[in-house]
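Data block below; observations after.
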Amino acid sequence: MRVDLLHPWPESVAEAEAVQELLRPRVELTGPDRFATVAGLDVHYHGDDDLSAAVVVLDAATLSVVEQVVVHGKAAFPYVPGLFAFRELPALVEALERLTVTPDLLVCDGYGLAHPRGFGLACHVGVLTGLPALGVGKTPFVGAHEPPPPERGAWSPIELDGVVVGRALRTRDGVKPVYVSQGHRISLETATGQVLALTPRYRLPEPIRRADHLARHRDPAARAATTRSRATR
DNA sequence: GCGACAG
DNA sequence: ATCTTGTCGC
């Protein structure tokens, strides 16, 4: 698939924030509620700057892998809270461009609307691709919420300045919730339903788990070398 | 063995 | 965020 960056790459914090403000109005909060294929996106860091970005496309009904891509690159921006997306976006975009299929929904590791400027990674990736996108965070990052009841499927709203920007969602009985927010072209209700449907077994949705594993174990030779040197030590 | 969790 | 070690449990 083809992806346009839509803006020059920011050289400063101020420019990056301006890009977010510029693109935020393009976010759409409604969209389809059925998806045949779903892609998980994740990035794994090796040291300070080197990273691997993985995209794994699953059949939404069976959760079997349709296609997967991993690319290696460098972080494209310093780490600044709220500007996290700029570190990973170029590598993720390159991985998406190498796909031969176009997924119907992007499941991002991180936040979407639940973000200080309402434009987290899931919104950014969604706007660049034009595809429905949602974000799943592993830790509470912004906003306030009550802990949801302990049963799988239970949720509580995440509020920022009195506005609901996401949900703390229990995907397994008695296990820490995940934090779901809209990225692009999806309702919060649909995003919640999709996360549950994509999480039959573990805490995190299957597409994200697959992408995490792919990014983490990108190079079996390098991993074997690391294991050997640790054993020698 | 893999995943959650401690901290 | 990551790494490392151990325990519990499916």
Side-chain angles (χ1 to χ4, degrees), chain A residues 13 16 40-56 58 63-65 68 70-92 95 107-112 114-116 119-125 135-143 145 147-156 158 166 168-181 183 195-233:
Chain A
V13 166
L41 284 64
D42 193 30
V43 170
H44 188 254
Y45 290 86
H46 328 288
D48 284 344
D49 271 349
D50 294 310
L51 54 76
S52 301
V55 178
V56 179
L58 303 185
L63 302 186
S64 60
V65 176
Q68 54 183 35
V70 59
V71 305
H72 312 302
K74 300 274 186 186
F77 204 80
Y79 175 71
V80 180
L83 300 178
F84 182 66
F86 292 95
R87 285 177 79 68
E88 321 196 322
L89 219 36
L92 286 173
V107 179
C108 301
D109 176 50
Y111 283 91
H115 174 274
F119 197 75
L121 174 68
C123 297
H124 209 142
V125 170
V136 177
K138 295 185 281 289
T139 56
F141 166 58
V142 67
H145 65 92
E151 300 80 27
R152 167 179 157 89
W155 55 268
S156 55
I158 300 171
L169 173 67
R170 201 78 72 173
T171 53
R172 294 200 61 190
D173 289 356
V175 171
K176 279 199 304 187
V178 299
Y179 304 89
V180 178
S181 58
V195 169
L196 276 178
L198 295 168
T199 313
R201 186 168 162 81
Y202 303 111
R203 179 182 175 230
L204 293 175
E206 211 55 29
I208 289 186
R209 294 185 67 252
R210 299 277 191 152
D212 179 79
H213 274 149
L214 181 58
R216 208 178 274 273
H217 305 312
R218 79 258 116 102
D219 185 349
R223 187 163 39 116
T226 305
T227 306
R228 272 198 304 281
S229 68
R230 193 181 318 140
T232 308
R233 235 181 295 146

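No experiment lies behind these values; they were computed from the predicted model shown.
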Report the distance from atom [atom1] of [X] to atom [atom2] of [N], rounded to the nearest whole Å.
X: A:Tyr79; N: C:dT2; atom1: OH; atom2: P; value: 12 Å
X: A:Arg209; N: B:dC2; atom1: CZ; atom2: C1'; value: 9 Å
X: A:Arg87; N: C:dA1; atom1: CZ; atom2: P; value: 12 Å
X: A:Arg210; N: B:dG3; atom1: CZ; atom2: C1'; value: 15 Å
X: A:Leu121; N: C:dA1; atom1: CG; atom2: C1'; value: 15 Å
X: A:Ile208; N: C:dA1; atom1: CD1; atom2: P; value: 12 Å
X: A:Tyr45; N: C:dA1; atom1: OH; atom2: P; value: 11 Å
X: A:Asp50; N: C:dA1; atom1: CG; atom2: P; value: 19 Å

N/O donor-acceptor pairs under 3.5 Å from side chains in residues 81-90 of chain A, not counting sequence neighbours:
residue: A:Arg87; atom: NH1; partner: A:Phe77; partner atom: O; Å: 2.7
residue: A:Arg87; atom: NH2; partner: A:Asp48; partner atom: O; Å: 3.3
residue: A:Glu88; atom: OE2; partner: A:Tyr45; partner atom: OH; Å: 2.9

Practice problem: Whenever both distances are under 3.5 Å in a Watson-Crick or G-U wobble pair, mark it; put DNA chain C into dot-bracket that way, with [ ] for crossing pairs and | when the partner is on another strand. | Solution: .....|||||
Provide the closest heavy-atom pair for [X] versus [Y] in the form atom of the first, atom of the second, distance.
X: A:Val195; Y: A:Pro205; value: CG1-CG, 4.0 Å
X: A:Val43; Y: A:Ala53; value: CG2-CB, 3.9 Å
X: A:Pro177; Y: A:Arg203; value: O-NH2, 2.8 Å
X: A:Val55; Y: A:Ala95; value: CG2-CB, 3.7 Å

Exercise. Under the side chain to side chain donor-acceptor pair (under 3.5 Å) rule, collect the residues that match up with A:Asp109, sequence neighbours excluded.
Key: A:Lys138
Quiz prompt | Residues forming a side chain to side chain donor-acceptor pair (under 3.5 Å) with A:Lys176, sequence neighbours excluded | solution = none
Proximal nucleotide (of [options]) relative to the [X] side chain:
X: A:His213; options: C:dA1, B:dG3, B:dA4; result: B:dG3
X: A:Arg216; options: C:dA1, B:dC5, C:dC3; result: C:dC3
X: A:Lys176; options: B:dC5, B:dG3, C:dC3; result: B:dC5

Quiz item: Partners of A:Pro149 by side-chain contact (heavy atoms from CB on, under 4.5 Å), sequence neighbours excluded?
Solution: A:Glu151, A:Ala154
Quiz item: What string of B, S and - do you get for nucleotides 5-10 of chain C, 5' to 3', when a contact is any protein heavy atom under 4.0 Å?
Solution: ------
Exercise. Name the nucleic acid region contacted by A:His46, choosing base, sugar-phosphate or nothing; use a 4.0 angstrom heavy-atom cut-off, strictly under.
Key: nothing
Quiz item: Counting only N and O atoms by type, is there a donor-acceptor contact under 3.5 Å from the side chain of A:Arg152 to the main-chain atoms of A:Thr171?
Solution: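 Yes, A:Arg152 side chain to A:Thr171 backbone: donor-acceptor pair under 3.5 Å.
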